[in-house]
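Below is one structure; the comments refer to it alone.
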Amino acid sequence: MSDTAASSPARSDFIRDMIAADLADGRNDGWVITRFPPEPNGYLHIGHAKSICLNFGLAQEHAPRSRCHLRFDDTNPAKEDTEYVDSIMEDVRWLGFDWGEHLFYASDYFDKLYEFAEQLIQKGLAYVDDLTAEQLREYRGTLTEPGKNSPHRDRGIEENLDLFRRMKTGEFADGAKILRAKIDMAHPNMNMRDPALYRILRAHHHRTGDKWCIYPMYDYAHPLSDALESITHSLCTLEFEDHRPLYEWLINNVDGLPGRPYQREFARLNLTYTVMSKRKLLRLVKEGHVAGWDDPRMSTISGFRRRGYTPAAIRDFCKTIGLTKFKSTTDVALLEHAIREDLNKNALRAYAVLRPIKVVIENYPEGRVEHVEAPNNPEDESAGKRQVPLCRELHIEQDDFMENPVAGFHRLVPGGEVRLKFAFCIICKEVVKDAAGNITELRCTYDDATRHGKKPEGRPKPKGIIHWVSAQHAFEAEVRLYDRLFVNEDPEAGDADFISNLNPHSLEVLTNAKLEPSLKDAKPGAHYQFERVGYFFTDPKDSQPGTPVFNRTVGLKDSWAKEVAKTK
RNA sequence: UACCUCGUGGUGUAACGGUAACACAGGAGAUUCUGGAUCUCUUAUUCAAGGUUCGAAUCCUUGCGAGGUAGCCA
């Protein structure tokens, strides 16, 4: 559960191979400079973690002649907000990465970007167009037909310059004119059909305020920002593949750039039972299907954090999934495996009975209290041991008792015996029910000779070992059982709205779980394994001193549940 | 029927002209004071057809399939 990303050996992939080849060719003076360029218009999700681990990971692998910049791609003030800037920085740091001094904003370059635009105009490579958005669409042509030139395409340089300056000074209405690159309206790649470079947009920018009323487009700002920061490898997702010729065009046609970046694309992460687009995540939040961006069911980094995932597990997962150009969907089981691996080694163990049944041990003296010793983590002796109180009345899990047991059930049954973990064995003598026939209590007896794992000669060793809490000492706490947010592997498949695939049981709140007393002091943000149940995280927002709230991170692997499911 | 990209077990990846492998998931067993963990074993793979080659997942050709692209979003 280390909080920093150690530079552990990364698997080779086509990006790393390419960088190795560049280095071997003596490119960039042996430097590797990458960037993570989020737009501050939403919270980061697990797919971004893949990109973060890649870009920052590459910098770590190539130290000391390397670095990774955090650059906010804030060229569309209409959608962006400082709330998102803050959350993004928090998430990147939490994942264990550090951009050091290299925090940038595309808006830092607005002045330079503007000068470059004038330069392109001077070279006859850009022009101001008066076409409306609708006309522009008509002139662009279609995927199979070429576009046609705008009537304004051949304006003189001086006229273009004058118009562009007047766009900047606010002389024209929003949308009245745009600056376009002059490339080729018949180009088979739509991105090369005189793409827009600048639009007029009167919106308050989170950093530049009202200084500008024209804003550069992503396609224009991104390559030039990369070049201005001397980025060597600009890594993005597959949907930008078709933009690469434009990226190259700009890098090749703008003079005075300090760097020569290359763009390369990789496949974005898809996860089963998950949606990953910011737009859809925003909708889940806005429509109240979840409690917020950091709802533990969300695929956001803040959601996973609040669920109890660790940075190490997410980094590990990112390493496992690799990097290719093939569009794939990763089984969420891989992610769950990563968090179980981490938490198994590092989470403290505790006893919690989620759905209690009362057990009375008839031959245990009333009023007597003893303490049994339990290791805090059997995987890590240095975690120490604790004393767990025990008395005549206990709670055990409803699932650990069956009045009419099915074949293969190893736990408590009428007349049968189980071991109370770290204590002794009990035999169920009587099942007490209320008028409605609900079980209210189990009357049992214990055998003192079975303490400390011992079994008396000639008696079969009980196969079942169950957890328990002392009724007198336990306290009640809220426990939130989170499950997958969607019922389908691919919530976006088919014609139906993805909202219709929401899992109605993705959250179950338990209010009378009985927890062992040591949990009363659980610190917000602490990880536990509730033995035989799952991994739980003390909710950092809703826990109060003395009244912790627990979120289920992930259940334990449960081969008995699998067995039961098979027979159904 | 434009352009670009991609096709390896159920899933994610590796193999860089030389025995198709790893992890997860699935199955069987051992072990265990967590039906957890651990350990062993196991099921299952190169889109297709041609070609080059002593030898092809890899190179070539053709076909098939999947995805992306027509914002003044990123």
Side-chain angles (χ1 to χ4, degrees), chain A residues 11-13 17 37-39 41 73-76 78-80 129 131-133 136-137 140-147 174-180 187-193 195-201 214-215 217-219 221-222 236-245 265 267 269 272 278-279 317 320-338 340-341 344-345 349 351 374-375 378-379 408-411 419-423 425 450 452-454 461-467 489 529-534 555-563:
Chain A
R11 230 198 280 170
S12 176
D13 52 63
D17 288 349
E39 183 189 13
N41 69 342
D73 229 317
D74 54 353
T75 56
N76 185 3
K79 289 186 178 174
E80 295 151 7
D129 202 343
L131 255 31
T132 64
L136 223 39
R137 204 175 316 124
R140 188 156 32 227
T142 68
L143 293 175
T144 51
E145 302 160 82
D174 284 14
K177 296 188 188 312
I178 56 167
L179 181 74
R180 304 176 74 180
H187 199 108
N189 182 337
M190 301 289 279
N191 294 118
M192 298 296 271
R193 319 241 260 230
L197 265 25
Y198 266 92
R199 78 280 216 185
I200 304 172
L201 181 63
I214 57 171
Y215 290 94
M217 302 292 293
Y218 165 88
D219 277 327
H222 203 89
C236 60
T237 46
L238 251 26
E239 67 270 26
F240 294 105
E241 210 157 21
D242 288 339
H243 298 238
R244 192 153 99 202
E265 312 81 16
L269 171 67
T272 54
K278 278 192 203 169
R279 213 193 86 248
F317 169 71
T320 309
I321 59 176
L323 197 69
T324 63
K325 301 195 69 162
F326 179 55
K327 192 193 157 164
S328 60
T329 301
T330 298
D331 192 335
V332 73
L334 256 63
L335 219 206
E336 292 175 350
H337 175 256
R340 284 195 188 102
E341 275 239 306
N344 175 48
K345 279 186 236 117
R349 312 292 138 122
Y351 283 168
E379 304 285 320
F409 185 74
H410 293 163
R411 283 104 95 153
R419 171 168 293 286
L420 298 181
K421 196 170 180 192
F422 297 122
C425 296
T450 58
H452 310 300
K454 278 185 281 197
K461 185 175 159 188
K463 278 188 180 164
I465 300 165
I466 64 174
H467 63 284
E489 261 195 34
Q529 184 199 102
F530 291 172
E531 291 216 31
R532 300 208 313 129
V533 178
L556 247 26
K557 280 210 259 178
D558 187 346
S559 54
W560 171 243
K562 220 184 309 183
E563 195 77 17

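Quick note on labels: first sequence line is chain A, next is B, and so on, each numbered from 1.
B/A56 and B/A49 have their P atoms separated by 14 Å, with the value rounded to a whole Å. Taking atom P in both B/U32 and B/G26, the straight-line distance is 24 Å, to the nearest Å. Atom name C1', nucleotides B/G51 and B/U58: the rounded distance is 15 Å, in whole Å. Between the P atoms of B/U8 and B/G67, the separation comes to 14 Å (whole Å). Rounded to a whole angstrom, the distance from the C1' atom of B/U46 to that of B/A57 is 5 Å. The gap from the C1' atom of B/U38 to that of B/C54 amounts to 47 Å, rounded to the nearest Å. With C1' as the reference atom, B/A20 and B/U5 are 25 Å apart, rounded to whole Å. B/G9 and B/A21 have their P atoms separated by 14 Å, with the value rounded to a whole Å.
Of all the heavy atoms in A/Ala196 and A/Ile178, the pair that sits closest is CB-CD1, 4.0 Å.
By the rule that a glycosidic angle within 90° of 0 means syn, B/G71 counts as syn.
At a threshold of 4.5 Å between non-hydrogen side-chain atoms, the residues A/Asn41 and A/Asn76 do not count as touching. The closest side-chain heavy-atom distance from A/Glu379 to A/Arg349 is below 4.5 Å. Between A/His410 and A/Trp560 the shortest side-chain heavy-atom distance does not fall below 4.5 Å. At a threshold of 4.5 Å between non-hydrogen side-chain atoms, the residues A/Gln529 and A/Leu556 count as touching. Using a 4.5 Å cut-off on side-chain heavy atoms (C-beta onward), A/Ile214 and A/Leu179 make no contact. Side-chain contact between A/Pro37 and A/His222 is present, with heavy atoms from C-beta onward closer than 4.5 Å. Proximity of A/Arg180 to A/Leu136: side-chain heavy atoms (C-beta onward) are separated by under 4.5 Å at one or more points. Using a 4.5 Å cut-off on side-chain heavy atoms (C-beta onward), A/Thr329 and A/Glu489 make no contact.
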Report summary line: With B for base contact, S for sugar-phosphate-only contact and - for none (protein heavy atoms under 4.0 Å), nucleotides 63-74 of chain B reads ----SBBBSBSB
Query - Letter per nucleotide, 5' to 3', of nucleotides 22-37 of chain B [B base touched, S only sugar-phosphate touched, - untouched; heavy atoms, 4.0 Å] - result: --SSSS-----BBBBS
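A straight line from CG of A/Leu335 to C1' of B/U11 spans 13 Å, rounded to a whole angstrom.
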Query - 5'-to-3' dot-bracket of RNA chain B (Watson-Crick, G-U; under 3.5 angstrom; crossing pairs as [ ]; | other strand) - result: .((((((..((((....[..)))).(((((.......)))))....(((((..]....))))))))))).....
**Report entry** Worked check of salt bridge (charged side-chain N to carboxylate O under 4.0 Å, His left out) between A/Lys278 and A/Glu39
**Finding:** CA-CA 11 Å; A/Lys278 278 192 203 169; A/Glu39 183 189 13; 5.0 Å; no
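The NZ atom of A/Lys557 lies 6.5 Å from the NZ atom of A/Lys562; values are rounded to the nearest 0.5 Å.
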